[in-house]
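Okay, so here's the structure we're looking at.
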Amino acid sequence: QVQLVESGGGLVQAGGSLRLSCAASGLTSSSYVMGWFRQAPGKEREFVASIKWSDSITRYTDSVKGRFTISRDNAKNTVYLQMNSLKPDDTGVYYCAARKNPLLTTTPERYDYWGQGTQVTVSS
């Protein structure tokens, strides 16, 4: 059974940095796509970034390009989201997700497994 456990959230001032981690277990193939999504209060869950486990090809939403970096560590079965130059608009619950289909996608409904989420709050 696939389990995803996020960590690394917290409260940070605007301009600061955080690194989120997603520890994955139960992944039976190297063809998974791993994604990060976020959800602000009263808003829908939105795509942030994704990475192909096999070859590290990445994709980002426009609002985080140049500020966020997604990466993975195969030996630790962990995916990271390095977030720099944080803004108040980045506030929300950040979720890690895994997709068995190896094609990158930004649609939450196309991901098969989800973590419990970690809160990120950016103060102005």
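As a basis for the values below, the full set of heavy atoms in this structure was taken, side chains included, without hydrogen atoms, waters or symmetry mates.
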Nearest heavy-atom contact between M34 and A98 is SD-CB, 3.7 Å

Take the angle between the ring planes of F68 and Y94 and call it parallel below 30°, perpendicular above 60°, tilted in between.
tilted

Shared hydrophobic cluster for I57 and F47 (ILVMFWY, side-chain gaps under 4.5 Å)
yes

When you compare the side chain of T106 with that of R59, does any pair of heavy atoms fall below 4.5 Å?
yes

Hydrophobic cluster membership, with links at side-chain heavy-atom distances under 4.5 Å among I/L/V/M/F/W/Y: are Y95 and V33 in one?
yes

Would you say M83 and V64 make side-chain contact, with heavy atoms under 4.5 Å?
no

Fit a plane to each ring of Y113 and Y32, take the angle between them on a 0 to 90° scale, and name the class: parallel (under 30°), tilted (30 to 60°) or perpendicular (over 60°).
tilted

Begin with the C-alpha distance, continue with both residues' side-chain angles, and end with the deciding distance and a verdict on side chain to side chain contact (heavy atoms under 4.5 Å, CB included) for S7 and S21.
CA-CA 5 Å; S7 62; S21 300; 3.7 Å; yes

Tell me if a side-chain donor or acceptor on T91 pairs with a main-chain N or O of V122 at a distance below 3.5 Å.
yes

Do E6 side-chain atoms and G117 backbone N/O form a donor-acceptor pair below 3.5 Å?
yes

Side-chain donor-acceptor pairs under 3.5 Å in residues 10-20, sequence neighbours left out?
{"unit_1": "S17", "atom_1": "OG", "unit_2": "N84", "atom_2": "OD1", "d": "2.9"}

A24 to L4 - nearest heavy-atom pair and separation
CB-CD2, 3.7 Å

Going by the salt bridge (Lys or Arg N to Asp or Glu O under 4.0 Å) test, which pairs reach into residues 32-47, not counting sequence neighbours?
R38-E46, R38-D90

Going hydrophobic residue to hydrophobic residue with side-chain gaps under 4.5 angstrom, can you get from L27 over to I70?
yes

Side chain S50, main chain G35, donor-acceptor under 3.5 Å:
no

CZ of R72 to OH of Y80: how many Å apart, nearest 0.5 Å?
11.5 Å

For the pair F37 and Y111, evaluate ring pair (Phe, Tyr, Trp, His ring centres under 6.0 Å) and give the outcome as yes or no after the intermediate values.
CA-CA 11 Å; F37 292 78; Y111 284 76; 5.0 Å; yes

Would you mind listing every disulfide bond (SG atoms under 2.5 Å apart) that reaches into residues 10-116, with sequence neighbours excluded?
C22-C96

Do T78 side-chain atoms and K76 backbone N/O form a donor-acceptor pair below 3.5 Å?
yes

Interatomic distance, OG1@T61 vs CH2@W36, rounded to 0.5 Å, equals 16.0 Å

For D73 versus A75, what's the shortest heavy-atom pair and its separation?
OD1-N, 3.0 Å

When rounded to the nearest 0.5 angstrom, what is the spacing between CD in Q3 and CD in Q116?
10.0 Å

Measuring only between side-chain heavy atoms, which start at C-beta, is V93 closer than 4.5 Å to T118?
no

Is there side-chain contact between D62 and Y60, with heavy atoms separated by less than 4.5 Å?
no

What's the shortest heavy-atom distance between W114 and P108, and which atoms?
CZ2-O, 3.4 Å

Can a donor-acceptor pair be found between the side chains of R99 and T105 at a distance below 3.5 Å?
no

K100 versus D112, closest heavy-atom pair with distance
N-OD2, 2.8 Å

